[in-house]
Amino acid sequence: MATIADMPPRSTSGDRPSGKVPTRTLDALNFFLADVRDGLGPYLAIYLIAVRGPAHGWNEATVGAVLTIAGIVGLISQTPAGSLIDRARNKPRIVMIAALLVTLSSISLPIVSGFTAVAVTQSVAAIAGAVFAPAISAITLGLVGPKLFAKRVGRNEAFNHAGNAVSAALAGVLAWKFGPVVVFWLMGGLTVASIVSASRLKNDDIDNAVARGLDCEPDEADDDCAQPSGWKTLLENRSLMIFALTAFLFHLANAAMLTSVSQLLARTVGKDQATSLTAACIVAAQLVMVPVAILVGRHTDRWGTKPLFLVAFAFLAARGALYTVSDNPWWLVGVQALDGVGAGIFGALFPVVIADLTKGTGRFNVSQGAVASAQGLGAALSATLAGAIIVWAGYTASFLTLATIAALGLGLYVVAMPETKEKRAG
């Protein structure tokens, strides 16, 4: 049976690659970039509190302020990053530059000390990090074409989640032995591996017109293709606007769940054991995401995107409700593993749905950035909403509120969101 790697040169407009798809190289790039693309993530707070501490002016409030600033900057950068990728002629090079910027901004922390300097470095990392998602999607679409895109995105997500799980496990083990500073060395090593992987992608094999969502004939030069549609076309795309709203609701419901579980664990078993259990939550969810992403990628063309997204919302709503059943630590870890289903489906289908909705417009990547801004806003508001409800009415009320938001997203998707795939039999 032929694999993606064995596909011949493109011969139709739906199958665009000019040569063999570098399957293993894409696998490696997604695996190694998994930990680089988000910068230090949760390790930033650990480092600033545990290593710098109050003696250097760092406490929970100042760390929170830095994270907020970087989060806002990253949110604003999403749409411009997508526009940059739409226009770029050498996307692998942009990935390499972004990986370097994120890493240099992160490993500079032992050198820089002031609030302003740390805020600037983390903002630079957030701007560079906004490039990765649209760049990987565009490279993938430009290499495999629309027909194989869903399957390849599922595989991308599987290796991304596997990379997250492995790096989280390595960070936990190495930090226990060598201290928090080990995450800088780990990130540096993963960045080198990411750059090597990206450098092995041949830019000439990437069809830049297809990569931005334009419809071109197989032998038509990029410059001769139809020009990208105007911005008004996206604003008038009702289905794209509905999808942005459902993405907002998904992350409004989802983003605060792990944070709330971590806080609940800290209250029930203490902060030391809570840290280990939180790591277990992350690894468990990531491991579930791997087979889910592969399954979704392989069967999207047969099952369609809408039924799969409804399953994602249903699991998200169920997860919020199940948290209220018990505060037993291992029950909470088990329920958190269900995040692998909801988030696994969402991650695998997010670029696929946008590619379907923007096909022929030439605005695929900038649309990704715009919808990512909507979901980022939902994620940013989620923690504030959940925290306020926890203080006002407790954890049960907070989890049920998040579950209700997920149910509203499910209802909206049922009523207003169309199917984006023409289902194929067999």
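Atoms considered below: every heavy atom in the structure, side chains included; atoms not considered: hydrogens, waters and symmetry mates.
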*What residues form a side-chain contact (heavy atoms from CB on, under 4.5 Å) with T103, not counting sequence neighbours?*
V36, I107, M187, T191
_Distance-minimising heavy-atom pair for I345 and L308_ = CG2-O, 3.3 Å
*Which pairs count as salt bridge (Lys or Arg N to Asp or Glu O under 4.0 Å) when at least one residue sits in residues 333-343, sequence neighbours excluded?*
R319-D339
*Closest heavy-atom contact between P134 and I85?*
O-CG2, 3.8 Å
*Provide the closest heavy-atom pair for A128 versus V102 in the form atom of the first, atom of the second, distance.*
CB-CG2, 3.6 Å
*asked:* Show the nearest heavy-atom pair for residues A198 and V95, with the distance to one decimal.
replied: CB-CG1, 4.4 Å
*Find out whether F313 and L408 are in side-chain contact, i.e. whether some heavy atom of one side chain is under 4.5 Å from a heavy atom of the other.*
no
*How far apart are the closest heavy atoms of Q336 and A285, and which atoms are they?*
O-CB, 3.9 Å
_Could you work out, with ring pair (Phe, Tyr, Trp, His ring centres under 6.0 Å) as the rule, every residue matching F132, not counting sequence neighbours?_
none
*asked:* Within the structure provided, determine whether L104 and V124 are in side-chain contact (heavy-atom separation under 4.5 Å).
replied: no
*Just wondering, more than 12 heavy atoms not from F315 lying within 6.0 Å of its CZ?*
no
*Contact check, side chains of L143 and P22, non-hydrogen atoms, under 4.5 Å*: yes
*Would you check if V210 and P146 make a side-chain contact, meaning some heavy-atom pair closer than 4.5 Å?*
yes
*Identify the heavy atoms of L141 and A211 that sit nearest to each other, and give their distance.*
CD2-O, 4.0 Å
*What pairs with F32 under ring pair (Phe, Tyr, Trp, His ring centres under 6.0 Å), at least two apart in sequence or on another chain?*
none
*Any side-chain donor paired with an acceptor under 3.5 Å for N156 and R152?*
yes
*Only counting residues at least two apart or in another chain, list the ones meeting side-chain contact (heavy atoms from CB on, under 4.5 Å) with A256.*
S260, S382, A386, L402
_Which residues pass the salt bridge (charged side-chain N to carboxylate O under 4.0 Å, His left out) test with R93, not counting sequence neighbours?_
none
_According to side-chain contact (heavy atoms from CB on, under 4.5 Å), who are the partners of N160, at least two apart in sequence or on a separate chain?_
A34, R37, E157, N164
*How would you list, by chain and number, every residue that makes a ring pair (Phe, Tyr, Trp, His ring centres under 6.0 Å) with F346, sequence neighbours excluded?*
F250, H251, F309, F350
*Close side-chain approach of N30 to R155, heavy-atom, < 4.5 Å*: no
_Tell me every residue that passes side chain to side chain donor-acceptor pair (under 3.5 Å) with S137, counting only those two or more places apart in sequence or in another chain._
Q368
_Using the side chain to side chain donor-acceptor pair (under 3.5 Å) criterion, which residues pair with S105? Sequence neighbours excluded._
none
*asked:* Within the 4.5 Å heavy-atom criterion, are F31 and D27 side-chain neighbours or not?
replied: no
*Who passes side-chain contact (heavy atoms from CB on, under 4.5 Å) against A337, sequence neighbours left out?*
A284, V288
*Under the 3.5 angstrom rule, does the side chain of D207 hit a backbone N or O of G142 as a donor-acceptor pair?*
no
*Heavy-atom donor-acceptor pair, W392 side chain to G387 backbone, under 3.5 Å*: no
_I'd like to know if the side chain of N90 and the backbone of N203 have a donor-acceptor N/O pair within less than 3.5 Å._
no
*So, T420 and T305: side-chain donor and acceptor under 3.5 Å apart, yes or no?*
yes
*Would the F399 and Y323 ring centres measure less than 6.0 Å apart?*
yes
*asked:* Donor-acceptor check, side chain of K306 to backbone of M417, threshold 3.5 angstrom: yes or no?
replied: yes
*asked:* Once side-chain hydrogen bond (donor to acceptor under 3.5 Å, both in side chains) is applied, what residue pairs with a partner in residues 342-351 remain, sequence neighbours excluded?
replied: none
